[in-house]
Every structure is written in structure tokens, then in C-alpha cells.
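Written below as C-alpha cells is the structure these notes are about.
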There are 2 protein chains.
Amino acid sequence: MSGNGTQKRQVTRLSRERRVFDIMAAARAVFREKGYEDAPLSDIAERANVVEGSIYRYFENKRDLLVKVIEDWYEGMLADYGQQLSGISGTRNRLRYMIWRHMNTIHEEPALCNLMFQHIRPSRDYSQTAVFQLNREYTRQTLEIIRSGIEAGELRNDVPLRLVRDMIYGCIEHHTWTYLRGEGNFDPDASADAIVDLVLSGLQVRVPAEPVRPDIAERLEKAVARLEEMALSGDTGAPAP
Amino acid sequence: MSGNGTQKRQVTRLSRERRVFDIMAAARAVFREKGYEDAPLSDIAERANVVEGSIYRYFENKRDLLVKVIEDWYEGMLADYGQQLSGISGTRNRLRYMIWRHMNTIHEEPALCNLMFQHIRPSRDYSQTAVFQLNREYTRQTLEIIRSGIEAGELRNDVPLRLVRDMIYGCIEHHTWTYLRGEGNFDPDASADAIVDLVLSGLQVRVPAEPVRPDIAERLEKAVARLEEMALSGDTGAPAP
DNA sequence: CGAAATGATGAATTGTCCTCATTAAGATCA
DNA sequence: TGATCTTAATGAGGACAATTCATCATTTCG
């Protein structure tokens with residue numbers, strides 16, 4: 001409207017790394033806030049101080065941007081996982097840490113987790129992505145915990161490992177979502193304890209280590225009674241008529 | 001192009017029910033084939049022999065159409081569930097049936113399940129939908145199975161019910177997806193057995209019902225030995241030096 | 001300093017969902 | 001039966017977001 005007809009446009013050029021970093025940071029924030037489909041590329045571009053079209057110089061398309069964002073987040077998350085875990089000993093403690101950490105992640109980044117579960121994991125080519133590989137390494141450690149528990153004789157050896165893995169992760173996810181939906185409040189510590197307990201002990205009632213098995217107690221008592229009787233009567237041990 | 005300039009357009013009018021039925025059937029097919037975002041309304045309209053705009057006379061928008069499709073499918077699915085379940089007795093058998101059925105559903109309609117998990121369940125207003133209510137009733141029956149197992153003394157009574165529910169459903173879903181992704185082949189029967197077993201028994205090694213507790217066996221043997229000795233010696237029962 | 005190479009731009013294109021003024025089919029009534 | 005009214009169906013067009021590309025700005029290099 002005002003007379004800036006022949007104004008030369010300003011163009012700022014930064015290093016490739018810096019641009020990629022800016023765009024991914026902006027994308028992560030916007031995706032976290034609005035989800036995937038409700039996040040217009042224009043929002044991301046604006047927040048990154050870039051024009052829409054420029055994004056396509058660094059990312060194939062919107063989906064590729066999402067994948068890279070999640071990948072980046074995942075890497076940061078898992079960076080210290082192995083190390084932390086190696087500092088914990090005992091099957092139960094290690095399982096508990098793994099469960100606790102997984103729950104905590106969902107609790108702290110529900111939006112990004114949602115993107116992962118809604119848009120990355122169900123995609124056809126998921127098993128070709130880097131996130132898949134990261135995840136594989138992550139869950140491999142869980143399988144390893146179980147395997148060493150079996151070797152130590154603490155855990156049953158007749159259970160399909162993958163099923164156990166699926167049970168643990170499935171439980172965590174399902175449980176966290178129902179909580180996030182607003183059923184009760186969230187206590188990762190208590191929940192982690194309960195899940196470990198349930199996975200290890202199962203639902204069935206366990207017979208406590210019985211003080212004395214009834215049939216044996218009976219036989220013992222009879223033997224003692226007979227002993228006493230014999231001691232008093234001088235019997236030779238043949239049953240009384 | 002060819003000279004049909006003033007051709008009167010043909011309009012067919014059907015009952016409201018019939019139109020809704022046609023559109024939902026077409027939508028279910030197209031959604032199943034292409035997912036949600038990759039299913040253009042034009043495809044659905046074409047398959048239903050309707051023009052795009054007409055869909056909006058019966059459904060608020062694309063999402064509403066999806067919700068109604070899933071609702072409809074869910075209702076059909078759960079119609080006989082309660083009845084089937086009431087024909088099965090025993091905690092283990094009932095749990096197994098519930099698990100088997102859930103797995104089977106995912107196996108037979110992976111695409112529709114995906115829509116449910118990806119687009120319906122995570123939505124903000126999920127807990128206001130009819131599907132949510134249906135699902136609630138569905139999982140309530142699972143809680144009921146467990147509750148009656150507890151009452152019968154078969155199951156532990158110190159376990160949070162919701163956690164058990166989450167564990168079962170989470171396990172089924174996670175497990176089925178990893179299978180559908182192509183890791184191994186799918187055997188609902190074997191898997192259902194394994195899941196029931198794991199949920200009931202847990203991971204930990206169970207001490208088998210010992211034939212005789214060692215300490216008791218020892219005492220028994222000693223008693224018998226003493227008996228014999230006494231019978232031979234005419235001892236009064238005081239321990240031998 | 002000039003030319004070539006590369007990066008950034010935003011206008012234009014495309015593909016969808018969705019709206020709405022217009023038209024056709026069927027219902028109602030004289 | 002024919003005129004009028006009601007309402008369903010239509011499809012052209014609006015809105016909006018992803019993606020492309022010809023053009024121009026900046027940097028690099030001889």
C-alpha cells in the first residue's frame with residue numbers, strides 16, 4: 001500500500017546445519033503443539049524465520065520433516081539409556097527401571113509420543129526407518145534383561161521372549177494413555193512397581209510356602225502319638241486292633 | 001465436448017436409510033483400502049453413486065463419516081460378545097476367549113482397527129463418543145471376569161484391576177501389530193494360550209508343589225528309625241546317647 | 001572485479017474438503 | 001389432471017494447505 005514498490009528483498013544465508021537445526025526446532029515445537037495434520041507448514045516456516053518453500057530445500061516433504069524430528073528426539077532420549085541401565089543390577093530392578101523410564105517418557109512428552117504412535121509406527125515403511133532401528137536396540141535391551149534373568153534361574157525359561165516384551169510395552173502404553181485421558185492421576189513410581197510385580201508374579205494366587213503340608217503333618221502326629229503310646233505300653237510297634 | 005449441451009441431469013432419490021447405508025458401505029470399503037487421509041471423499045462418493053456434496057447432507061464432515069463407520073462396525077462386532085462369553089465358564093477359559101477374540105478381530109480387520117487406534121482413540125473428544133461407550137462395556141466384561149476370579153479365590157486380590165486390563169489389552173495389541181508387521185506368522189490360538197498363561201502365572205519361576213519338604217522328611221525318617229529301634233530294644237522313648 | 005554456482009524466495013499449481021445457490025423429483029392440493 | 005410447494009441432490013466454486021519452480025540474491029572463485 002505505502003510506496004515501497006521497488007524494495008529489494010532481504011535474504012539471509014546461514015550454514016546448512018544451522019538452517020536444518022532451526023527448522024527442526026520450529027517443527028518440533030509446532031508439531032508438539034498442534035499435532036501433525038493441524039500444523040500448517042506456514043506456521044513452522046514462520047517460527048523458523050524461513051519461507052515455506054525453503055523447507056523443501058532441506059526436507060523432502062512434510063512427512064519427512066516429521067520423521068526427522070521424531071528421529072532426532074529419539075536419539076537424544078536413548079543416548080544415555082544403556083549407560084544408566086548398566087548401573088543397575090538385579091532382574092527386578094532393571095525391569096523396573098526400564099518400565100519407569102518408558103512411562104516417564106510418555107508422561108513428559110505425550111505429544112511427541114503420540115506422533116510416534118499415530119504417524120510413524122503404523123506407516124507401511126516403518127521397519128525401514130532409523131526410528132525403527134533405534135527402537136529395536138531399545139527393546140533389545142529389555143529382551144536381554146529377561147534372558148539374563150532366565151539364565152540366572154530367576155525367570156521361567158518356557159515363555160516366548162517377544163510376548164513378554166509386547167506385554168510389558170503394551171501395558172505401559174495402554175496404561176499411560178488411560179491415565180493421560182484423565183482416569184486418576186499419574187504416579188510413575190507406583191505404576192512401575194505394580195507392573196513389575198504383575199509381570200513377575202502373575203495374577204494367580206500363589207500358595208505361600210506352607211509351614212507344613214497337611215498330609216505330612218498328619219502322618220507326623222500319628223507317628224508321635226504312636227511313639228508315646230509305645231513308650232507307655234512297651235508295644236513292639238504292631239498297629240493296635 | 002460432443003453436443004449434449006442441454007441434457008437434463010438425472011437425479012435418483014432413495015430413502016434416507018438407503019442413502020446412509022450406501023455411503024457408509026462405500027466409506028468403509030474405501031477407508032479400509034486407503035486409510036483416512038489418503039481416501040478422497042470423491043472416491044467414496046463415486047463408489048456410493050453419489051456426488052461429493054451429497055455426503056454432507058448425511059454427515060457433518062469427513063471425520064464424522066469415519067466415526068460413524070467405525071461405530072457401526074463396532075456395534076456389529078460386539079453384538080454377540082456378551083452372549084458368547086456367558087456360555088463359557090472358568091476364569092482361565094473366559095479370559096482366553098476374550099483374548100482370542102480380540103486378537104482375531106485385529107487379525108481379520110487390521111485396517112479398521114488401525115483407523116480406530118490411529119484416528120478415533122487418540123482424539124480429544126474420544127471419551128464423548130459412542131465407540132468409547134461400547135468399548136467401555138466391552139472391557140468392563142474383562143474386569144468382571146477378573147473380579148469373579150478374585151471372588152472365587154483363584155486370583156490375587158491385591159492387584160489393581162485397571163492395570164490388569166491394560167496389561168491384557170496392551171499385550172494383545174502390541175503383539176498383534178508386531179506380527180502383522182511381518183515378524184513370524186499369526187496363530188491366535190497359540191498366542192492366546194501363551195498370553196493367558198503369562199498373565200496368570202507371571203514370569204517368575206514357581207517352586208513346584210514339593211513332594212516332601214526336606215526338613216520334614218528328615219524328621220519323619222528319624223522318627224521312624226527311632227520307632228524301629230524302640231521296637232527292637234524296648235526303650236521308653238528317651239533319646240539314645 | 002566479473003562470472004559462475006548456490007541458496008532463498010514467493011507466486012503459481014495442485015489437490016482436497018466443504019459450502020451453497022440452483023435444479024429436479026416427488027408430495028400436496030385444487 | 002395440472003399447479004404449486006417441499007425438499008433432496010447436484011456440481012460449480014471458495015478456502016486452505018502442500019508442493020513446485022522460475023527468478024533473483026548472495027557468496028565463491030578465478
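Convention: sequence-line order gives letters A, B, ...; per-chain numbering from 1.
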The side chain to side chain contact (heavy atoms under 4.5 Å, CB included) partners of A/V67 (sequence neighbours excluded) come to A/R63, A/E71, A/I120

Apply side chain to side chain donor-acceptor pair (under 3.5 Å) to B/N61 and list each qualifying residue two or more places apart in sequence or on a separate chain.
none

Taking ring pair (Phe, Tyr, Trp, His ring centres under 6.0 Å) as the test, write out the residues that go with A/H175, two or more places apart.
A/Y179

Parallel, tilted or perpendicular, judged at 30° and 60°: which one describes the rings of B/H102 and B/Y169?
perpendicular

Under 3.5 Å, which donor-acceptor pairs link side chains of residues 104-119 of chain B to any protein atom two or more places apart or in another chain?
residue : atom : partner : partner atom : Å
B/T105  : OG1  : B/R101  : O            : 2.9
B/E109  : OE1  : B/R32   : NH1          : 3.1
B/E109  : OE2  : B/R32   : NH1          : 2.5
B/N114  : OD1  : B/Q118  : NE2          : 3.3
B/H119  : NE2  : B/E37   : OE2          : 3.1

A/Q141: side chain to side chain contact (heavy atoms under 4.5 Å, CB included) partners, not counting sequence neighbours
A/Y81, A/L85, A/E137

Just to verify, what does B/S148 make a side chain to side chain contact (heavy atoms under 4.5 Å, CB included) with, not counting sequence neighbours?
none

Residues 51-79 of chain B vs ring pair (Phe, Tyr, Trp, His ring centres under 6.0 Å), sequence neighbours excluded, gives none

Could you give all pairs that pass the salt bridge (charged side-chain N to carboxylate O under 4.0 Å, His left out) test and reach residues 190-199 of chain B, with sequence neighbours left out?
A/R156-B/D197, B/R96-B/D193

With the threshold set at under 4.0 Å for non-hydrogen atoms, list the residues of residues 29-41 of chain B touching DNA chain D in residue-number order.
none

Does anything in residues 18-26 of chain A reach DNA chain D, meaning a heavy atom under 4.0 Å, and if so which residues?
none

Tell me, which of residues 44-69 of chain B have any heavy atom that sits under 4.0 Å from an atom in DNA chain D?
B/V51, B/G53, B/S54, B/R57, B/Y58

Output all residues satisfying side chain to side chain contact (heavy atoms under 4.5 Å, CB included) with A/E144, sequence neighbours left out; order by chain, then residue number.
A/R140, A/R147

